[in-house]
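When a residue number appears, it is its place in the shown sequence, counting from 1. As the structure lists them, so they are numbered: ligands from 1, and atoms in each ligand from 1.
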Amino acid sequence: MPTLLQAPAVKTPDQNLKLLLVDDDDEDLYFLKRLLKQSGRSHDVLEARNVDQAVEQLQHQPDIVLLDFYLGHQTAFDLLQRMQKSGCQLPVILLTGHDDAEIDQLALNKGIADYLPKRIVNTAILDRSIRYAHRDFQRLQQLEYLAHYDTLTGLCNRRLFMDRLQHAYENARRQNRTGALLYIDVDGFKQINDELGHATGDELLKVVAERMSLIVRSADTVARFGGDEFVILLENIGAPEAHRVAQKLLYSMEKPVQLRSGSVQCSLSIGLCGFSAEYGSPDEILSSADRALYQAKLIGKHTYCSFNQRLMESLSRQSLIERLAQQAVDSGDFFLHYQPRTSSQHNNVMGFEALARWPRRDDVQLTPGDFIPVLEALGLMDRFTQWVIDKALTDLPRLRHWAPGCVLSLNVSSSSFASDSVKDYLLQKLQQLQIDPASIEVEVTESLFIERPDSAVRILNELRAVGVRVALDDFGTGYSSLSYLNQLPIDTIKLDRQFLEQVPAVPRSTLLVAAIVELACNLQLNVVAEGVEHEPQKAFLQSCGCHEMQGYLTGRPMSLDQLQMFFTGPV
Ligand code: C2E
Ligand code: MG
Ligand code: MG
């Protein structure tokens, strides 16, 4: 486990220090000790008479080294060299019997804290030199910490990480080794931060950092790039092992995180890039892992994706789709189809569901199942939903002409409940166009109540308060909980197509559908069965009292021109 480096502890100048005195002359050592005693401080003193002894004493972690220049057949510079090699950084005050300008210059170049000719040293000079050297060294350490570490988590920051990545990359090239880079993002962190406050967000990031550090080896580097972005460098590791680390990281977040404000459940998305001597540059490795992370987010979060050539090809298609999606939202080039909802008992059209379609002019053809997640990932969902509202409300008079009193259903994705903007926009449009709110039904999915339980219920209540209806879409899939039927502000449930597929052929599925319909009826909820394709399904739904049907049997999603034909026949 790599140590999480906390900011260096600061000793005040009045505190006692641990000093290492290195001198090959017993008399000089005695002289120094006397001066220290006269200073009135009770420093701990370690002694060494040559370079080897000094190296041994360094294990006791002195705060400062007082170093004689000539040490038998060696000099102070020999010790400095050994300290440098072992990565030991300490303030060193050089003491010498020879007041030599050349040594003075050399000492300065080697970063010596102070240079004191023994003939001028007295208690006051030595005490001051020690205190100043110690203060300057502590400041330097603080600055180095700030320059290389993330103060919140104690992990490396981007600068230090890039430095280590550069080394790892060069080693991989020189020694034909392989390594891996993991780019990690905490799913839903922004929401946690917004809803529970920054202090809770920070607390969570610390725990994430700790859990990650527990999983990797001490030679590996874990860094925070800012926000909820983390990266891990695994050196000298093969692909199977790197995948195992990614999996362990995912598991590491399965246990809820206990914070001061309560318990939080969160997950990670990870992009993995294995690298070898062939890779072009550290930046290329980083951007490959970043792209793999993007893919992991796209396929549903709480997962990891590994970068490879196929992924790269799919990403270039992905970036084309993203560009087209952005253009389509900017210019409002999507269009809407409307699928009729018909009454099970009388076969008349009770409403329409607006279903978005990808612009016809592009070579790329995508279903809503493909482009809706792209719009979500690009943060374009609210603008898109506003476009759907505009278009559908403009078309409503024509739909009502064909089916008087019909209800128009609009799908609204969970992300549009993060703020009030879509709700406000809908209400404002209804007022502006003087449309009865009761003619609009908003379709939401169960994920909304898992992702945003509080804001969702509040916003839906506000919509219902003015008369807008609410439908729970795709019921029967996902985490369907019967308690939703009771507790949530909904008027309608839409039984998912998958649920109906085996009806009436499979008795258990058929019984289940009948039971849900009965339950919903008893709770005074309107029930719409989706995906009705065959007469036997229709007959069964009629027999069990399902209110409405929607499916290819009673009407496919259609453009306004097609609907004209549907209602009036060819002219
Ligand atoms: P959904 O809201 O559950 O819509 C019903 C889907 O089932 C539609 O797919 C529709 O074409 C399809 N469908 C209807 N009857 C049948 C049938 O008898 N058999 C079969 N096999 N399929 C049938 P579509 O249009 O591809 O939309 C898929 C999903 O995309 C929608 O599921 C909805 O979640 C989302 N979506 C579509 N338009 C919008 C939109 O404007 N906004 C948002 N947020 N989501 C949308
Ligand atoms: Mg729907
Ligand atoms: Mg549905």
If you count the non-hydrogen atoms of other residues, nucleotides and ligands that lie under 6.0 Å from [atom1] in [X], is the total more than 12?
X      : atom1 : answer
Gln432 : CD    : yes
Gln431 : CD    : no
Tyr251 : OH    : no
Arg159 : CZ    : no
Glu518 : CD    : no

Measure from [atom] to every heavy atom in [options] and give the option owning the shortest one.
atom                    : options                        : result
atom 3 (O) of ligand 1  : Asp474, Thr367, Asn411         : Asp474
atom 29 (C) of ligand 1 : Pro368, Ser413, Gly551         : Pro368
atom 17 (C) of ligand 1 : Glu443, Met549, Glu533, Gln498 : Glu533

Looking only at distances, can you tell me whether any N or O atom of Gln339, backbone or side chain, sits closer than 3.5 Å to an N or O atom of ligand 1?
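Yes, there is a polar N/O contact under 3.5 Å.
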So is [X] close enough to ligand 1, meaning a heavy atom under 4.0 angstrom away?
X      : result
Met381 : yes
Asp473 : yes
Arg556 : no
His337 : no

Judged by atom type as modelled, is there a donor-acceptor pair below 3.5 Å linking the side chain of Gln265 to the main-chain atoms of Glu254?
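It does hold such a pair.
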Taking Arg260's backbone N and O only, do any of them form a donor-acceptor pair with Glu203's side chain (distance below 3.5 Å, no angle check)?
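Checked: pair present.
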Looking only at heavy atoms, is any part of [X] under 4.0 Å from ligand 1, and if so is it the side chain, the backbone, or both, or is it neither?
X      : value
Leu336 : neither
Arg357 : side chain
Leu410 : neither
Ala356 : both

I'd like to check which ligand 1 atoms, numbered from 1 as shown, lie under 4.0 Å from a non-hydrogen atom of Glu530.
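Here the atoms of ligand 1 in question are 3 (O), 5 (C).
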What atoms in ligand 1 come closer than 4.0 Å to a heavy atom of Val388?
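Near Val388, the atoms of ligand 1 are 41 (O).
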Of all N/O/S atoms in [X], the name of the one nearest the Mg ion (ligand 2):
X      : result
Glu443 : OE1
Glu353 : OE2
Asp473 : OD2

The Mg ion (ligand 2) to Ser409: any N/O/S contact under 2.8 Å?
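Here the distance criterion (N, O or S atom, under 2.8 Å) is not met by Ser409, so no.
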Would you say the Mg ion (ligand 3) has Asp474 as a near neighbour, meaning an N/O/S atom of that residue under 2.8 Å away?
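Yes.
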Does Phe161 have its ring centroid less than 6.0 Å away from the ring centroid of Phe225?
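Under 6.0 Å, so yes.
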